[in-house]
2 protein chains.
Amino acid sequence: MNHEKIFNCPIEAPISLIGGKYKAIILFYLINQTLRFNELQKFIPQATPKMLTQQLRELEGEGLITRTVYPVVPPKTEYSLTEFGESLIPIVDALCDWGKNYIGNGCSGLRATPS
Amino acid sequence: MNHEKIFNCPIEAPISLIGGKYKAIILFYLINQTLRFNELQKFIPQATPKMLTQQLRELEGEGLITRTVYPVVPPKTEYSLTEFGESLIPIVDALCDWGKNYIGNGCSGLRATPS
DNA sequence: CCGTATCCAAAATGATACTG
DNA sequence: CAGTATCATTTTGGATACGG
């Protein structure tokens, strides 16, 4: 026996991964760019440090992002998408496309664009 | 002044609409088919009647689904997507596509397919 | 700079029983 | 059949202060 979750419907799987309050938003900002903790904080000011840390650790535990700590002073930590995390980009893009139509603006300039 | 929510990032808009625990799943099953309450219950057995009702009412309030009550005995209520609800299909499809790859199966037969 | 720790409030979900 | 009502519980989120 294993401990994998059983899903009745395939959309439950991605929802269980990125259903956290800020997880999809974090992934959005990490597309095509590596960010430090305080950069993420500026992009997502409504998340307290506690929440941001919590969601980042969960994403890391799920294998969707990497966390790289540089042993320097002052501390420096960088977050970026793993390949597995990148597999979710179509979902994030679909959310973003719909959102842009709905609220009539984009995140242009906030998120790095592909070359 | 209006009462629209302000979103910092466009993906927050769809998430606030379909972020409920069963909302995306409900939308999934309503794509291309009208379903009665007890049919939805069978597709989503993990949702209690209370939860299902609640999520359905919220989706209705958001304008994503319609609820049609037929004044017959025994009662008959049908749920289906509105046009606005259908605008979310690309998101649901993206979730589903990812989920199918991840868990290696589909919902074939459960959800009606387009002609 | 990058977090943790503690405590607390609020929101979401669940169990169970019941009704028109 | 299609829900409601009530109550309990769990989960989530936030405020604040502090530490390496």
Side-chain angles (χ1 to χ4, degrees), chain A residues 5-9 11-12 14-27 29-30 33-62 64-80, chain B residues 5-9 11-12 14-27 29-30 33-62 64-80:
Chain A
K5 289 189 192 169
I6 303 301
F7 300 111
N8 298 314
C9 159
I11 77 170
E12 295 176 45
I15 289 175
S16 84
L17 277 185
I18 59 168
K21 188 160 186 181
Y22 304 113
K23 286 187 183 175
I25 301 175
I26 292 169
L27 294 181
Y29 285 114
L30 289 181
Q33 63 189 345
T34 292
L35 291 176
R36 299 177 58 167
F37 186 83
N38 71 340
E39 293 174 319
L40 281 166
Q41 272 201 130
K42 280 170 204 154
F43 283 130
I44 315 171
Q46 69 271 34
T48 60
K50 177 187 137 183
M51 281 309 300
L52 196 52
T53 303
Q54 189 184 104
Q55 303 270 295
L56 285 166
R57 293 296 144 85
E58 288 182 18
L59 289 169
E60 188 190 1
E62 294 157 355
L64 296 172
I65 65 172
T66 58
R67 173 173 177 262
T68 309
V69 180
Y70 297 91
V72 296
V73 281
K76 175 177 169 181
T77 308
E78 285 186 342
Y79 294 93
S80 55
Chain B
K5 289 189 194 169
I6 304 301
F7 300 112
N8 298 314
C9 159
I11 77 172
E12 295 176 46
I15 288 175
S16 85
L17 277 184
I18 59 169
K21 190 162 186 178
Y22 304 113
K23 287 186 184 175
I25 301 174
I26 291 170
L27 295 182
Y29 285 114
L30 290 180
Q33 63 189 345
T34 292
L35 291 176
R36 299 177 59 166
F37 186 83
N38 72 338
E39 294 174 317
L40 280 166
Q41 272 200 133
K42 280 170 203 153
F43 283 130
I44 316 173
Q46 69 272 35
T48 60
K50 177 186 137 184
M51 280 309 300
L52 196 53
T53 302
Q54 188 184 106
Q55 303 270 294
L56 285 166
R57 293 295 145 86
E58 288 181 20
L59 289 169
E60 188 191 2
E62 294 157 355
L64 296 171
I65 65 172
T66 59
R67 172 171 177 263
T68 309
V69 180
Y70 296 91
V72 296
V73 280
K76 174 177 170 181
T77 307
E78 285 185 342
Y79 295 93
S80 55

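Model, not experiment: these values are computed from the prediction. Lettering of chains follows the sequences in order, A, B, ..., and the numbering in each one begins at 1.
Between the CG atom in A:Asn8 and the NZ atom in B:Lys42 there is a gap of 15.0 Å [rounded to 0.5 Å]. Atom CG of B:Leu17 and atom NZ of B:Lys23 lie 7.5 Å apart (nearest 0.5 Å). If you take CD on A:Glu78 and CG on A:Leu40, they are separated by 11.0 Å, rounding to the nearest 0.5 Å. Between atom CD1 of residue B:Ile18 and atom CG of residue B:Leu64 there is a gap of 8.5 Å, rounded to the nearest 0.5 Å.
Atoms OH (B:Tyr70) and C1' (D:dG3) sit 18 Å apart, rounded to a whole Å. To the nearest angstrom, P of D:dA15 lies 12 Å from CD of A:Gln46. What separates CZ of B:Phe43 from P of D:dA2 is a distance of 14 Å, to the nearest Å.
Nucleic acid contact class of B:Pro74 (heavy atoms, under 4.0 Å, all strands): sugar-phosphate only.
B:Tyr79 pairs in a side-chain contact (heavy atoms from CB on, under 4.5 Å) with only one of the listed residues (B:Ile26, B:Thr34, B:Ile65, B:Leu59), which is B:Ile65.
Inter-residue side-chain proximity for B:Thr66 and B:Ser80 is flagged as met; some heavy-atom pair is nearer than 4.5 Å. Here the side chains of B:Tyr29 and A:Cys9 are in contact, with some heavy-atom distance below 4.5 Å. In this structure, B:Tyr22 and B:Gln46 have side chains that are in contact, with non-hydrogen atoms separated by less than 4.5 Å. A:Phe43 has its side chain within reach of A:Leu35: a pair of non-hydrogen atoms, C-beta onward, lies under 4.5 Å apart. A heavy-atom distance below 4.5 Å is not found between the side chains of B:Leu56 and B:Glu60.
Taking side-chain N and O atoms only, B:Thr53 has no distance below 4.0 Å to OP1 or OP2 of D:dA2. In this model, the phosphate group of D:dC1 is not approached by any side-chain N or O of B:Arg36 to a distance below 4.0 Å at OP1 or OP2. The side chain of B:Arg57 contributes an N or O atom lying less than 4.0 Å from OP1 or OP2 of D:dG3.
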Protein-nucleotides 7-13 of chain D N/O pairs under 3.5 Å:
none

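Remark: side-chain polar atoms of B:Glu12 are not paired, donor with acceptor, to backbone N or O of B:Phe7 under 3.5 angstrom.
Once you apply a 4.0 Å limit to the heavy atoms of chain B, the touched nucleotides of DNA chain C run 5' to 3' over C:dT13 to C:dG20.
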Each base of DNA chain D marked ( ) or [ ] if paired in-strand (Watson-Crick or G-U under 3.5 Å), | if paired to another strand and . if unpaired gives ||||||||||||||||||.|
